[in-house]
Amino acid sequence: MNGLMKNEGIAGTERFASPGKGRGLRAVKHFAVGDLVFACPAYSYVLTVNERGAHCEYCFTRKEGLSKCGKCKQAYYCEIDCQKGDWPMHKLECTAMCSYGENWCPSETVRLVARIIMKQKVTTERTQSERLLLLSEFEAHLDKLDSEKNEMNQTDIAALHHFYSRHIDFPDDQTLTVLFGQTLSSFLPLSSLSRPSSVALMNHSCSPNVIVTYKGTVAEVRAVQDIQPGDEIFNSYIDLLYPTDDRNERLRDSYFFTCVCNECATRSKDGGKMALQKLSSPPQPEEVRKMVHYARNVIEEFRRAKHYKNILFPTICELSQEKMISIFADTNVYVLHMMYQAMGVCLYMQDWDGAMSYGEKIIQPYSVHYPAYSLNVASMYLKLGRLYLGLERKTQGVKALKKAIAIMEVAHGKDHHYVTEVKQEVEELK
């Protein structure tokens, strides 16, 4: 799911000039852990192709028995009201999908930009989404793009013209370049939704005091630390498992800044994240440096593509782990990354015992390395709980699911359907 969001119900927060960071968002009231800070319905959004058929195109509800669009046969809806609600935007793609057939292949970014352009054409007044931050105020970072990203931008513009030229009157290419830059800089990879305007207003911290989750097309921001009036509200833009240097490399590459939060300044978790084997003869610094370089390269290869269907993938995982643990401890984040990949292979191959074994090795270090109320930790507890239950280890399964629920009630809210579903699982086991 990709989208740009509009602002709703943000009492208790205000925009301000954040020292050293530009604009930011701060609290004007107290928020306790688990409190909803604000919620943002979508300004514009698209459902990704691989989620079609499982989710309603309009409200993003996941359910069986969805009805197809009678014309293109590719969009699915809960009910007629959802289909009617989506038609002003879906009609942009419906005719084109019919015309191009199997050759219809614009990226989600291209599809989202097309919808934004259409939305702008029919919107004559400042929208709710722009109460705190205008769409035009989103950073495009064009001066910081390398040649590869500039080329991607131009490829997207060409695709936009190719697939939508019959249906949209485009602005000039420079305006489109800025719009693509603004859209890309607003993406939240973990959620597959681009950042809402008020979410985009929040600055990054590696020790965030809020978390962003989703309920259909609505982004919800909840406190994961106690927030006092006057405190700046910080979100995390990236996966926080990795050590300081890795996190900042990712931030510079994707968001063009270096983090100076307290976690980055003190590197307080780096020692545990980079734990080494306790050997009689400790590895030399150069050996450690080379192994870090190797681990980063392997992780980058895996990040670029999923290899679960590749017959060599299990062997690659095993060999990479063996090499890393000659120097790194089992709790080292690079080893954990490979274990997570190996667990994915086991799940794909229905090796439930193997998946459970990896999950048991991962969960405790995850709980230490990630911030409190991390959904990465909750997700691992869910996987472990369901594996335990499938292997007829009911007591351990229920215990793991309850730990997931405790995190999810804070991150998602107690009334979220994800929480309700897991609670129902536990209730049915009594």
Side-chain angles (χ1 to χ4, degrees), residues 3-43 125-135 137-139 186 188 190-191 193-238 240 255 257 259-266 370-375 377-378 405-420:
L4 286 169
M5 315 292 285
K6 73 180 183 182
N7 194 26
E8 179 185 86
I10 53 169
T13 66
E14 67 179 4
R15 176 174 172 166
F16 81 116
S18 178
K21 297 182 177 69
R23 57 186 178 241
L25 193 69
R26 68 182 171 196
V28 296
K29 59 172 280 190
H30 171 254
F31 293 100
V33 171
D35 282 355
L36 180 68
V37 179
F38 60 85
C40 304
Y43 173 86
E125 298 180 357
R126 185 178 180 123
T127 65
Q128 273 192 305
S129 67
E130 296 167 306
R131 279 169 51 198
L132 284 184
L133 188 69
L134 290 164
L135 186 63
E137 290 183 273
F138 276 59
E139 296 283 355
S186 73
L188 284 175
L190 290 179
S191 63
L193 282 153
S194 64
R195 287 185 286 171
S197 56
S198 34
V199 172
L201 197 54
M202 293 188 292
N203 288 310
H204 166 85
S205 171
C206 297
S207 181
N209 53 15
V210 298
I211 189 169
V212 183
T213 59
Y214 297 90
K215 186 182 288 183
T217 61
V218 176
E220 295 185 334
V221 178
R222 284 186 166 78
V224 292
Q225 296 181 27
D226 196 68
I227 301 173
Q228 297 296 329
D231 287 350
E232 181 162 3
I233 297 172
F234 290 107
N235 181 28
S236 172
Y237 297 176
I238 58 170
L240 297 175
Y255 300 100
F257 71 88
C259 184
V260 293
C261 72
N262 186 62
E263 182 62 40
C264 288
T266 63
Y370 275 112
Y373 308 108
S374 165
L375 288 177
V377 178
I405 290 169
I407 296 170
M408 294 168 67
E409 284 186 330
V410 171
H412 286 291
K414 294 182 178 181
D415 63 341
H416 197 285
H417 62 272
Y418 289 167
V419 177
T420 304

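Numbers for residues simply follow the sequence, beginning at 1. Just so you know, these numbers come straight off a predicted model, no measurement behind them.
If you take CZ on Arg23 and CZ on Phe16, they are separated by 12.5 Å, rounding to the nearest 0.5 Å. Taken from SG in Cys259 to NZ in Lys21, the straight-line distance is 7.5 Å, to the nearest 0.5 Å. Expressed to the nearest 0.5 Å, how far CZ of Arg26 lies from CG of Leu201 amounts to 11.5 Å. Note: Cys206 SG to Ile238 CD1 = 5.0 Å, rounded to the nearest 0.5 Å. A distance of 10.0 Å separates CD1 of Ile407 from NE2 of His412, quoted to the nearest 0.5 Å.
A search for side chain to side chain donor-acceptor pair (under 3.5 Å) contacts involving Ser18 returns Glu232, not counting sequence neighbours. Every residue two or more places apart in sequence or in another chain that forms a ring pair (Phe, Tyr, Trp, His ring centres under 6.0 Å) with Tyr370 is listed here: Tyr366. For the side-chain contact (heavy atoms from CB on, under 4.5 Å) test, residues two or more places apart in sequence or in another chain that qualify with Gln225 are Ser207, Asn209. Residues that satisfy the side-chain contact (heavy atoms from CB on, under 4.5 Å) test with Asp415, not counting sequence neighbours, are Lys215, Arg222. Legend: residues meeting side-chain contact (heavy atoms from CB on, under 4.5 Å) with Thr420, ordered by chain and number and at least two apart, are absent.
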Under 3.5 Å, side-chain donor or acceptor atoms of residues 28-38 against the rest of the protein: list the pairs with distances, not counting sequence neighbours.
| unit_1 | atom_1 | unit_2 | atom_2 | d |
| --- | --- | --- | --- | --- |
| His30 | NE2 | Asp226 | OD1 | 2.7 |
| His30 | NE2 | Asp226 | OD2 | 3.4 |
| Asp35 | OD2 | Ala32 | N | 2.8 |

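Relative ring orientation between Tyr237 and Tyr255 is described as tilted, the plane-to-plane angle lying within the 30° to 60° band. A tilted orientation is assigned to the rings of Phe257 and His204, their planes being inclined by 30° to 60°.
Heavy atoms from other residues, nucleotides or ligands lying under 6.0 Å from NZ of Lys414 number 12 at most. Atom OH of Tyr418 sits in a sparse spot, with 12 or fewer heavy atoms from other residues, nucleotides or ligands closer than 6.0 Å.
Counting heavy atoms from C-beta outward, His416 and Met408 have side chains that stay 4.5 Å or more apart. Counting heavy atoms from C-beta on, the side chains of Leu240 and Glu263 never come closer than 4.5 Å. Between Val221 and Asn235, the closest side-chain pair of non-hydrogen atoms is not below 4.5 Å.
Contact record, Ala27 with Ile227: CB-CG2, 3.7 Å, taken as the closest heavy-atom pair. Val224 and Ala372 get closest at one heavy-atom pair: CB-O, 4.4 Å.
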